[in-house]
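Remember, it's 1-based here, ligands and their atoms both numbered in the order they're listed.
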Amino acid sequence: MASQKRNNPFSRTGSPSPAPGNNNGRPKSTIIASPLSGSQSPPHNRNQSFSSLAGVMSPTNNGTGRYRSNSKTGTPTSNTFAPSFIKSEDMQRGTEVVKGIEGENDFSGKRYVWLKDPQTAFVKGWIVEELGNNQILVQCDDGSQREVSADSVDKVNPAKFDKADDMAELTHLNEASVVHNLHMRYQADLIYTYSGLFLVAINPYCPLPIYTNEYINMYKGQSREETKPHIYAMADEAFRNLVDEGENQSILVTGESGAGKTENTKKVIQYLAAVAHSDSPVKNKIQHSNLSQQILRANPILEAFGNAQTVRNNNSSRFGKFIRIEFTRTGTIAGAFIDWYLLEKSRVVRLNSHERNYHVFYQLLKGADRKMKQDFLLDGLDVEDFAYTKDGHDTIAGVSDRDEWNSLIEAFEIVGFSEKEQVSILRTIASVLHLGNISVVKESRAADQARLAPDARSQAEKVCRLLGIPLEPFLQGLLHPRVKAGREWVEKVQTPEQVRLSIDALAKGIYERSFGDLVTRVNRQLDRTGMGLDDSHFIGVLDIAGFEIFEENSFEQLCINYTNEKLQQFFNHHMFVLEQEEYAREQIEWKFIDFGHDLQPTIDLIELPNPIGIFSCLDEDCVMPKATDKSFTEKLHSLWDRKSPKYRPSRLGQGFMIL
Ligand SMILES: Nc1ncnc2c1ncn2[C@@H]1O[C@H](COP(=O)(O)OP(=O)(O)OP(=O)(O)O)[C@@H](O)[C@H]1O
């Protein structure tokens, strides 16, 4: 254990410390901040102030959670441990870069410094000798002696700052000190740490006893100074601001995929449901208790249809959501409303190996009773019988799709879905499965025209039966779609590939609309704003899909990462730029720090209309009749190669890289 702990700076005492899937063993974190008055909010702007920003990190994974992340033994390095938007350059710009070689003295008179280390990110040491020419000799804690440039080391904080609750209090605020502080806290199971206005959460990958009713009571009505860092403290602050000041609040949760954003979002809702419920008048207690329950149980429904196993996270949200919890003026819970964004619909038809399609497909196939399977024409069929589920993983270790199915049905009932509604939603899911099994072949060796494969007609019949549409026009539309040529309608001849693309597009479209319909139905049950509660206020929690970087990234990942960049820029602007402008107005002496511009070239590359960025270029190419992936990337190369520091054509075939 001891040697493992030394190798792995983020292993927690007593727990194995494998790192998540393909994450190179990197730890991950979430971030959360304290109130900042303002009026901008994501989709709704009713007099809202920014209450919190949450960022999440996940270090190790011995996963005993409901959906544990994938784990492989790994050695996390800590240099990526800092929340993404606290870039080390920012930290250095915001603080004093070690000039000279002062270091921090201890009682022995040694001057301690942090050195960068390729294995462990940072290693501590003390300065043995100044060698001249700005070089120093450092005796490191790992036993080595290293000669380094004095400019490359960072100051070490005095020991009294170890496990500091708030990293803003550190005397020396540099990346190594932040990592060290989070590491020390993490080893003591202290997964939450303030960083000035916001809260950093590290994913423990195991259940910790810190979300009990006792904890809720501990944080209720307490100020930040009176308690230890916790997601409940942020939720409570938002709640108090809402009640005391009558201002809407928002909590922004951000971090890499698998970092724990959704889990923390759920904790915020759990806390608010508990606190607001206990404040409700006695005569309304049952009603509000039900409402709180309904709000809490909406989540398993959304997760079944909008979450999937990825290489980073066994329960990855493949959509973004903004949940508004509505309160009366006195702080009683009054309803909830969910906005959703950007469902990764390509997942419905295409999977990376080691990943899964949306949970609901597996839950339906494993959990539904015989009668339902017969009704949905799924009797005797399983995951491997469907084109859309047979690739990728069948099961998630430690998770029973059958149990999850039971929870889904229970959640449907608690939230208030009628049996008819449940059947209608699930029937659509079954139809998507059957749709994927319609296969087409070439008419003949000589003719490229598509025709149905031998069993395709019966597959199409199943789809049509479930969707309640006539078979012949459906097949006609697939194989010989009518298009307008001038004033005439003509029938097009389709190749098998074109038909396949149409089928997949239809499956994606149906799934996405079903998801939208599902959220609308959930909202219908939870949203009480239309019921004479015009003076209601809300606390919003924004939980978007976390950023991801793979060898090859899909269009949807680009959209997710772009949204994250934009959000971070928005956050930087709110938290830092506006704050600094306030200092300037108040004539506080302050060296202006430019937090916003790092991201601009990347954002420009993606969204600029002129010269046209990636999105505009794609829009243009999509309406060109002869455009191909190749023509699109060639156009991008000609527009951006060597003109943007963030763009590089891919060396391997088609594609490009955003640096
Ligand atoms: N506070 C926590 N306590 C225990 N386990 C946690 C906690 N936070 C996260 N986890 C574990 O980590 C997994 C991943 O967390 P979560 O789904 O919240 O990540 P995420 O940041 O929302 O990822 P994505 O962006 O992929 O949706 C969870 O399924 C759970 O097993």
Should the pair Tyr192 and Tyr211 be assigned to parallel (<30°), tilted (30 to 60°) or perpendicular (>60°) ring geometry?
perpendicular
Taking only heavy atoms of [X] into account, list the atoms of ligand 1 that are under 4.0 Å away from them.
{"X": "Asn315", "result": "17 (O)"}
{"X": "Glu256", "result": "21 (O)"}
{"X": "Tyr211", "result": "1 (N)"}
{"X": "Ser316", "result": "24 (P), 26 (O), 27 (O)"}

Distance-only side-chain donor-acceptor flag, Gln600 / Gln569, under 3.5 Å:
yes
4.5 Å side-chain heavy-atom contact, Arg318 and Lys345
no
Judging by distance only, is a nitrogen or oxygen of [X] under 3.5 angstrom from one on ligand 1?
{"X": "Gly258", "value": "yes"}
{"X": "Ser257", "value": "yes"}
{"X": "Asp543", "value": "no"}
{"X": "Arg318", "value": "no"}
{"X": "Gly260", "value": "yes"}

Assess whether a salt bridge exists between [X] and [Y], defined as any Lys/Arg side-chain N lying under 4.0 Å from an Asp/Glu carboxylate O.
{"X": "Glu326", "Y": "Arg324", "answer": "yes"}
{"X": "Lys508", "Y": "Asp504", "answer": "no"}
{"X": "Arg240", "Y": "Glu237", "answer": "no"}
{"X": "Glu355", "Y": "Arg347", "answer": "yes"}
{"X": "Asp604", "Y": "Lys646", "answer": "no"}
{"X": "Lys220", "Y": "Asp236", "answer": "no"}
{"X": "Arg356", "Y": "Asp391", "answer": "no"}

Residue portion contacting ligand 1 (non-hydrogen atoms closer than 4.0 Å) for [X]:
{"X": "Lys267", "value": "neither"}
{"X": "Ser317", "value": "both"}
{"X": "Ala201", "value": "neither"}
{"X": "Thr262", "value": "both"}
{"X": "Phe547", "value": "neither"}

Per atom 3 (N) of ligand 1, closest listed option by heavy atom (Gly546, Gly255, Pro204):
Pro204
Using heavy atoms and a 4.0 Å limit, tell me yes or no: is Asn203 in contact with ligand 1?
yes
